[in-house]
Amino acid sequence: MKQNREEIRRRLLAAGGIWLETERMVLRDHRPEDLASHHALLSDPDDMYYLPEIQTHSLEESEKDLKESIREIGRPDRRLYFLRMEDRKTGELIGETGYTVLQETPVGKLVHAGYFSRRKFWGQGCMTEAFREVLRFAFEENGVFRLTTGCDPENRGSERVMIKCGLRKEADMKQKVWMDGRMRDRVEYRMLKTEWEERK
C-alpha cells in the first residue's frame, strides 16, 4: 500500500497536483480510479443530508463531478481546490475538503470553503484536522487572502470545526435556505490571511 501511495503521489505532483498530509490523513487531488468511492460518498443521502445541492443521483453525475475536479489539476487559473481525504494507513475514503476561488484580487484570492465526510467518521476530529491543513495550504502556499464558509446551525459538528479552526463568525441568517421542506437558518464564518498569521 505504501509503495502504491508513493507512486500516486509522484504522478500527482508531476502533473501539478496537490498532495498534503496530516497525522492521520492524506489530502490529495482526485484520480479516475476514485470513481467508485467518490460516487458512494456523493450519492449517499445520509452523508450528504446538509448538502443536497451537490448530492448526486447517478454514477454518471458522480463521474461528471470527478472529471471536473481532475480537469483543474495543474491549471494556472485553477478554480476548484477540493481534495480527497484518505486514511494514511488504509487509503479508505473519509471525505472531502477544500475551496472554490470566487475572485482573484491584487491582494490575493477570495475563496469559499467547504467539507463533508462519511458519517462513520463524524465525531472523530478528522474534519478539524483536515481543514486546518487546508487553511495552512490556502494562506501559506496558495495566495489566499480571505476564506469564508458556512453551515446550517443544526449541523453542530460542522460549526464546531469552524470554531476549532479559529474562524470568526460573520453572520447569523434566519430562514435563509429552503431545504427538506422548510426554511432553515444559516451561519457564516471567515478567516483572513492576517488572522491566520496571528494564530501562528
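Below, all heavy atoms of this structure are taken into account, side chains as well, without hydrogens, waters or symmetry copies. All of these numbers come straight from a predicted model, not from anything done at the bench.
Interatomic distance, Glu198 CD to Met191 CE, rounded to the nearest 0.5 Å: 9.5 Å. Atoms CG and CE, from Leu20 and Met85 in turn, are 11.5 Å apart once rounded to the nearest 0.5 Å. Distance check, rounded to the nearest 0.5 Å: OG of Ser62 to CG of Leu42 gives 5.0 Å.
The side-chain hydrogen bond (donor to acceptor under 3.5 Å, both in side chains) pairs that include a residue from residues 98-107 are Tyr99-Asn142, where partners are two or more places apart or lie in different chains. Within the structure, ring-ring contact (aromatic ring centres under 6.0 Å, His included) pairs that include any residue of residues 37-68 comprise His30-His38 (at least two apart or interchain). Among residue pairs with one or both ends in residues 19-28, those qualifying as side-chain hydrogen bond (donor to acceptor under 3.5 Å, both in side chains) are Trp19-Glu21, Glu21-Arg88, Thr22-Glu129, Arg24-Glu129, Arg28-Asp34, Arg28-Glu86; sequence neighbours excluded. Among residues at least two apart or in separate chains, ring-ring contact (aromatic ring centres under 6.0 Å, His included) pairs with a member in residues 100-126 are Tyr115-Phe131. Each salt bridge (charged side-chain N to carboxylate O under 4.0 Å, His left out) pair with one or both residues in residues 178-187, not counting sequence neighbours, appears once here: Asp152-Arg184, Glu154-Arg182, Glu154-Arg184, Lys174-Asp185, Arg186-Glu188. Screening residues 142-174 for ring-ring contact (aromatic ring centres under 6.0 Å, His included), with sequence neighbours left out, gives no hits. For residues 45-61, the pairs satisfying salt bridge (charged side-chain N to carboxylate O under 4.0 Å, His left out) are Asp46-Arg119, with sequence neighbours left out.
Applying the salt bridge (charged side-chain N to carboxylate O under 4.0 Å, His left out) rule to Lys67 yields the partners Glu63; only residues at least two apart in sequence or on another chain are considered. Evaluation of the side chain to side chain donor-acceptor pair (under 3.5 Å) rule for Glu68 yields no partner, not counting sequence neighbours. Every residue was checked against the side chain to side chain donor-acceptor pair (under 3.5 Å) condition with Arg156, not counting sequence neighbours, and none meets it. Residues satisfying the side chain to side chain donor-acceptor pair (under 3.5 Å) test with Arg78, not counting sequence neighbours, are Asp29. Take Arg10 and apply the side chain to side chain donor-acceptor pair (under 3.5 Å) test, not counting sequence neighbours, and it matches Glu7.
In the hydrophobic cluster analysis, where Ile, Leu, Val, Met, Phe, Trp and Tyr join through side-chain heavy atoms closer than 4.5 angstrom, Phe137 is grouped together with Trp196. Cluster annotation: Ile18 and Phe139 are assigned to the same hydrophobic cluster (Ile/Leu/Val/Met/Phe/Trp/Tyr, side-chain heavy-atom contacts under 4.5 Å, transitive). A continuous path of ILVMFWY side-chain contacts below 4.5 Å connects Met127 to Tyr81, so both sit in one hydrophobic cluster. Hydrophobic clustering places Ile54 together with Leu93 (ILVMFWY residues linked when any side-chain heavy atoms are closer than 4.5 Å, directly or through intermediates). Grouping the Ile, Leu, Val, Met, Phe, Trp and Tyr side chains by contacts below 4.5 angstrom, directly or via other members, places Tyr189 with Val144.
Not a single donor-acceptor pair under 3.5 Å links the side chain of Gln55 to the backbone N or O of Pro52. At least one donor-acceptor pair closer than 3.5 Å links the side chain of Glu72 to the backbone N or O of Leu80.
Contact annotation: the side chain of Val111 never approaches that of Leu102 to less than 4.5 Å [non-hydrogen atoms, C-beta and beyond]. Leu147 has its side chain out of reach of Leu110: every pair of non-hydrogen atoms, C-beta onward, lies at least 4.5 Å apart. Residues Lys193 and Val107 have side chains not in contact (no heavy-atom distance under 4.5 Å, counting atoms from C-beta outward). Between Met162 and Arg168, the closest side-chain pair of non-hydrogen atoms is not below 4.5 Å. Put simply, the side chain of Met25 reaches to within 4.5 Å of the side chain of Cys126, judged on heavy atoms.
Between the side chains of Ser37 and Arg84, at least one donor N or O sits under 3.5 Å from an acceptor N or O.
When all heavy atoms are compared, the tightest approach of Thr97 to Ala130 is CG2-CB, 4.1 Å.
Note on Arg75 versus Asp77: salt bridge recorded, some NZ/NE/NH1/NH2 to OD/OE distance being below 4.0 Å.
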